[in-house]
Each structure stands twice: as structure tokens, then as C-alpha cells.
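Working notes, beginning with the structure itself.
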Number of protein chains: 2
Amino acid sequence: MKSPPTFKPTRLELELLSALWKIGSGSIREIQESLPEDRRPEYTTVQTIIYRLEEKGAVRRAKKIGNAHIFEPLVNRQSTFATLIDDFIGTLGGSHEPLVAHLVESGKISSAELKQMEKLLKERRAK
Amino acid sequence: MKSPPTFKPTRLELELLSALWKIGSGSIREIQESLPEDRRPEYTTVQTIIYRLEEKGAVRRAKKIGNAHIFEPLVNRQSTFATLIDDFIGTLGGSHEPLVAHLVESGKISSAELKQMEKLLKERRAK
DNA sequence: TAGAAAAAACTACAAATGTAGTAGAAGGCA
DNA sequence: TGCCTTCTACTACATTTGTAGTTTTTTCTA
């Protein structure tokens with residue numbers, strides 16, 4: 001399967017991808033064991049999801065060690081997050097306003113953070 | 001069905017809820033016809049989703065006009081969005097940082113908007 | 001080299017979601 | 001009052017997703 005320009009993983013797919021991004025690459029077993037104990041699916045569940053990610057072109061078998069395949073991600077976190085976020089904004093109606101509003105409203109963003117963002121924005125504009 | 005304290009609609013459910021929030025209340029037909037032409041499902045599809053929303057306690061039959069039921073939302077946009085956003089941040093790993101970063105990075109937030117947010121934040125803090 | 005251990009490969013399956021068809025009841029108009 | 005229209009109420013069904021069991025193959029290790 002070809003890897004799509006953008007990839008929108010499901011919840012569980014994202015969890016496994018996140019694990020892979022963290023460890024770089026690994027076997028099914030290693031991926032499974034790198035997951036937080038509190039939500040660590042069975043070995044075969046992880047296997048199924050990794051296979052599906054492979055089907056979808058989001059990971060691939062990089063090599064084989066012993067009898068175990070070592071998987072590595074083919075999509076990177078940045079772009080995957082970007083896809084998810086843009087899609088999400090789409091479901092919220094296409095405007096980021098409610099999102100930003102909620103972040104501010106719920107106190108999830110501090111004033112300092114806003115200032116930081118502003119600075120970042122200015123820098124970006126400058127170049 | 002009891003309405004839950006928070007409600008996390010699916011994509012289509014959210015579209016129909018959004019339609020309802022806009023028109024206030026309406027029959028299946030009215031809801032369907034208020035949807036943007038480009039993604040307007042069949043009458044019975046709308047009906048099915050509204051019934052499911054009813055099951056889930058997100059809408060209810062307010063009254064009957066002729067032989068048609070008039071539905072009204074039981075959840076409001078604010079809290080529904082809040083639920084969706086918090087859930088989404090959860091899937092992104094629990095931190096809003098990547099989200100905010102992307103918004104700024106992708107130029108989705110303007111400087112003016114940031115200033116606006118800052119003001120909003122200060123006001124909120126003031127009271 | 002034979003059996004145990006580990007992984008791969010395959011199969012299964014229920015719930016949720018999107019999508020819509022069909023049958024039958026209710027209302028309005030000629 | 002008897003159709004025609006419009007709804008309602010039900011049923012159907014493929015796909016996606018989460019979840020995991022079973023069978024087969026590979027590899028070590030005694």
C-alpha cells in the first residue's frame with residue numbers, strides 16, 4: 001500500500017504510532033511493552049493494529065532480528081498531528097475560533113503562553 | 001435515555017446538531033433541508049441519526065405539528081465543543097501544546113487574534 | 001535433533017457509524 | 001370520504017475499529 005500524503009490515524013493507531021515515534025522502531029513485542037501499563041492491549045491486538053498501519057502505508061518492516069520483524073514509522077508526528085488538527089477544525093465547522101476560544105476560556109492557555117505565541121508569530125512573519 | 005453530562009457526537013451527529021443549533025428546532029425535513037446542499041444526506045439518513053441522538057439524550061421531541069415531530073437539542077454547542085476539544089487534546093497526548101503550536105505555525109492564528117485572546121484572558125482574570 | 005518458546009499469520013467478532021430502503025400510519029385536499 | 005403526500009417506525013447492511021483467539025512457522029536450547 002502506498003503511503004498517503006496525509007494520514008489520519010484512529011485513536012489506537014495513534015497510540016501505537018506515538019509509541020513508535022518514541023522508540024524509533026521496534027518489534028511488536030517492544031511496541032506493546034513500551035505502552036503505558038494502564039492501557040496496554042494484548043500482544044495480538046497490537047499486532048493487528050500494526051498490520052493495519054502497514055496496510056495503510058504508515059509503517060513498514062525495516063528488518064528482521066531473529067524471527068521478529070522490526071517496524072518503523074513512515075509518517076512523522078508533525079504531519080500526522082497537522083492532519084488530525086486540520087481535520088478536527090474541519091469537524092468543528094472549519095473555523096479555529098471556537099477552539100482557541102475554548103483553550104483560553106478553560107484556562108488551558110496562560111497569558112505567558114500567549115505572549116510566547118505572539119513572539120513566535122512575529123518571528124515567523126519577519127523571515 | 002438520560003442525557004449525559006457531556007456528549008461527544010460523531011461527525012455526522014455533530015453536523016445535524018449544528019443544524020439544530022442554528023435553526024433552534026425543527027422537523028426531520030427541516031433539519032435535512034437546512035444542511036449545506038453539498039453534503040446533505042437522504043431524509044431517512046437524517047432521520048436515523050436524529051433518532052440515535054434522541055436515544056443518546058442529545059435531542060428530544062418538543063412537540064408535534066401536523067404529523068411531524070419537532071426536535072430540539074438538549075445539549076448546547078458550548079459544552080459539546082468543550083467535550084470534543086478536551087477529548088481531542090486527550091488523543092494528542094493530553095497536552096495542548098502541539099495544538100497551539102500548529103495553529104501558530106500554520107498561520108491559522110493572526111497576530112491580531114492573539115492580541116484579542118490576550119485581552120480576553122486579562123478580562124477573565126480580572127473578574 | 002527434538003521439544004519449548006516466541007513470533008507470525010490468519011481468523012473472528014461485536015459495536016459503532018454512515019447510509020438508506022420499505023411498510024404502514026396520518027393528514028390534508030379534491 | 002377516499003386518494004396522494006408526507007411522516008414515522010423499522011429494518012438492513014457494509015465498513016471501520018477495537019479487541020483478541022488459534023494455528024503455523026521459526027528459532028533457540030538442552
Side-chain angles (χ1 to χ4, degrees), chain A residues 1 4 7-19 25-72 80 83-84 87-88 90-91, chain B residues 1 4 7-19 25-72 80 83-84 87-88 90-91:
Chain A
M1 301 299 122
F7 179 59
K8 185 163 90 69
T10 67
R11 180 183 61 72
L12 191 48
E13 285 173 344
L14 181 61
E15 294 200 19
L16 298 205
L17 273 179
S18 295
S25 70
S27 64
I28 301 291
R29 184 68 65 188
E30 288 168 332
I31 295 168
Q32 190 215 4
E33 293 187 338
S34 77
L35 294 171
E37 331 72 32
D38 53 314
R39 88 194 98 92
R40 182 182 297 164
E42 286 301 302
Y43 179 88
T44 50
T45 299
V46 174
Q47 193 189 30
T48 298
I49 301 302
I50 293 294
Y51 284 178
R52 285 181 190 165
L53 284 170
E54 191 184 19
E55 273 292 304
K56 297 177 183 181
V59 307
R60 73 163 178 193
R61 296 163 196 231
K63 55 180 175 178
K64 195 167 182 178
I65 292 182
N67 62 343
H69 291 295
I70 304 300
F71 291 86
E72 72 179 10
T80 301
T83 298
L84 285 169
D87 176 83
F88 182 64
T91 76
Chain B
M1 298 300 121
F7 178 59
K8 185 163 90 68
T10 67
R11 180 184 62 73
L12 191 48
E13 284 173 345
L14 181 61
E15 294 200 18
L16 298 205
L17 273 179
S18 295
S25 70
S27 64
I28 300 291
R29 182 68 67 189
E30 288 168 332
I31 295 169
Q32 190 215 5
E33 293 187 338
S34 76
L35 294 171
E37 332 71 31
D38 53 312
R39 85 194 101 90
R40 181 182 298 162
E42 287 300 301
Y43 179 88
T44 48
T45 300
V46 174
Q47 193 191 27
T48 299
I49 301 301
I50 293 294
Y51 284 178
R52 286 182 189 163
L53 283 170
E54 191 183 20
E55 272 294 304
K56 298 177 182 181
V59 307
R60 73 163 178 193
R61 298 165 195 230
K63 56 179 173 177
K64 196 167 183 179
I65 293 182
N67 61 343
H69 291 294
I70 303 301
F71 291 86
E72 71 179 12
T80 300
T83 299
L84 285 170
D87 176 83
F88 182 64
T91 77

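Chain letters run A, B, ... following the sequence lines, proteins first, then strands; residues in each count from 1.
- The backbone N or O of A:Pro41 sits nowhere less than 3.5 Å from a side-chain atom of A:Thr45 that would complete a donor-acceptor pair.
- The side chain of A:Ala68 lies closest to C:dA7, out of D:dA20, C:dA20, C:dA7.
- Across all strands shown, B:Arg39 has no heavy atoms under 4.0 Å from either base or sugar-phosphate atoms.
- Counting non-hydrogen atoms under 4.0 angstrom, B:Ile28 reaches the backbone sugars and phosphates but no base.
- For A:Thr44 and D:dG21, a side-chain-to-base donor-acceptor distance below 3.5 Å is present, hydrogens and geometry of angles not being considered.
- Every residue was checked against the side chain to side chain donor-acceptor pair (under 3.5 Å) condition with B:Arg40, not counting sequence neighbours, and none meets it.
- In the set D:dA20, C:dA9, D:dT17, the nucleotide with an atom closest to the side chain of A:Lys56 is D:dT17.
- Between C:dT19 and B:Arg11, a contact under 4.0 Å exists linking OP1 or OP2 to a side-chain N or O.
- Closest contact between the side chain of B:Tyr43 and the listed nucleotides D:dA20, D:dT8, C:dA20 involves D:dT8.
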> If the sugar-phosphate is the primed atoms plus P, OP1 and OP2 and the base is the rest, what is the B/S/- string for nucleotides 23-30 of chain D, using protein heavy atoms under 4.0 Å?
Replying inline: ---BS---
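- Applying the 3.5 Å distance criterion, the base of C:dA16 shares no donor-acceptor pair with the side chain of B:Thr10.
- With salt bridges taken as basic N to acidic carboxylate O contacts below 4.0 Å, one links B:Glu15 and B:Arg39.
- Side-chain atoms of B:Gln47 and base atoms of C:dA20 include no donor and acceptor less than 3.5 Å apart.
- A salt bridge does not link A:Glu54 to A:Arg60: none of the charged side-chain nitrogens sits closer than 4.0 Å to a carboxylate oxygen.
- Under 4.0 Å is where a charged nitrogen must lie from a carboxylate oxygen, and between B:Arg52 and B:Glu13 no such pair does.
- Ranking C:dA9, D:dC7, D:dT19 by closeness to the A:Leu12 side chain, first place goes to D:dT19.
- The side chain of A:Arg52 lies closest to D:dT19, out of C:dA7, D:dA9, D:dT19.
- Using a 4.0 Å heavy-atom criterion, one finds that B:Ser27 contacts no nucleic acid atom at all.
- With C:dG21, C:dA7, D:dT19 as the choices, the nucleotide that has an atom nearest any side-chain atom of B:Glu42 turns out to be C:dG21.
- To the nearest angstrom, P of C:dA7 lies 12 Å from CD1 of A:Ile31.
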